[in-house]
Amino acid sequence: AQSVTQPDIHITVSEGASLELRCNYSYGATPYLFWYVQSPGQGLQLLLKYFSGDTLVQGIKGFEAEFKRSQSSFNLRKPSVHWSDAAEYFCAVGPSGSGYSTLTFGKGTMLLVSP
Amino acid sequence: DAGVIQSPRHEVTEMGQEVTLRCKPISGHNSLFWYRQTMMRGLELLIYFNNNVPIDDSGMPEDRFSAKMPNASFSTLKIQPSEPRDSAVYFCASSFLSRGHYGYTFGSGTRLTVV
């Protein structure tokens, strides 16, 4: 069965500093990987996704993520954080090549941005 | 596209009452998912439909919960009778699943409070 671990429940970053949110997954083959962001009172919005090919993927709002097969990781990065990035971030994994399957979400990491 | 539309946004009800949550998926999407989000348990998949047919309802907590998708543009999640422990944010998401994942689009959620 697939699983996702986001080891950090909360992270505080100063505005303008770089950010890295960790995500580790468990899956037998190469999975499909996603990062979502949830602002307070809102639903989850897709930031970026990895299916295959280039292991560094670019997303919206200046985010990027790198798939590292050897580490079973898909960490989210941003070079300079803005106050509006404060939100909860969810990593998700889905099995590849199947039409009838669902995403498994991590527990989320809450990002706080200090002035 | 207006995205995934959920109603109501907020619902406060008394214990024992019936609650119906509604969802309109994105036109052309063939899969619909109901999730529940709480602080303690995070995002839990309750049920998902493919081409209006329930594929996996193993996440439905108990018989008090039921979901229907009478057509491609509408789904309901019903709780009868409701209990205080059902208080949570309920999300609907839709996607187009064919040979692989294309990510989910989430609605803004329904915040349910059972008193």
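In what follows, chains carry the letters A, B, and so on, assigned in the order in which the sequence lines appear, proteins first and then strands, with residues in each chain numbered from 1.
Inter-residue side-chain proximity for B:Pro8 and B:Thr110 is flagged as met; some heavy-atom pair is nearer than 4.5 Å. Counting only heavy atoms from C-beta outward, the side chains of A:Glu15 and A:His82 approach each other to under 4.5 Å.
With a 4.5 Å cut-off on non-hydrogen atoms, B:Gln37 touches chain A through its side chain but not through its backbone. In this structure, no portion of A:Gln45 lies under 4.5 Å from any heavy atom of chain B. Residue contact with chain A, scored on non-hydrogen atoms closer than 4.5 Å, is absent for B:Arg111.
For A:Tyr32 and A:Phe51, the gap between ring centers is short of 6.0 Å. Taking the six-membered ring for Trp, A:Phe74 and A:Tyr25 have ring centres at least 6.0 Å apart. Between A:Tyr89 and A:Phe63, the ring centre distance stays below 6.0 Å. Between B:Phe49 and B:Phe33, the gap from one ring centroid to the other reaches at least 6.0 Å.
Among B:Ser108, B:Cys92, B:Gly109, the residue with the largest count of heavy-atom pairs under 4.5 Å with chain A is B:Ser108.
Here the shortest heavy-atom pairing between B:Ser95 and B:Tyr104 reads CB-CD2, 3.7 Å.
Side-chain atoms of B:Gln17 and B:Ser82 include no donor-acceptor pair closer than 3.5 Å.
Inspection of non-hydrogen atoms places A:Phe105, A:Lys107 of residues 105-115 of chain A under 4.5 Å from chain B.
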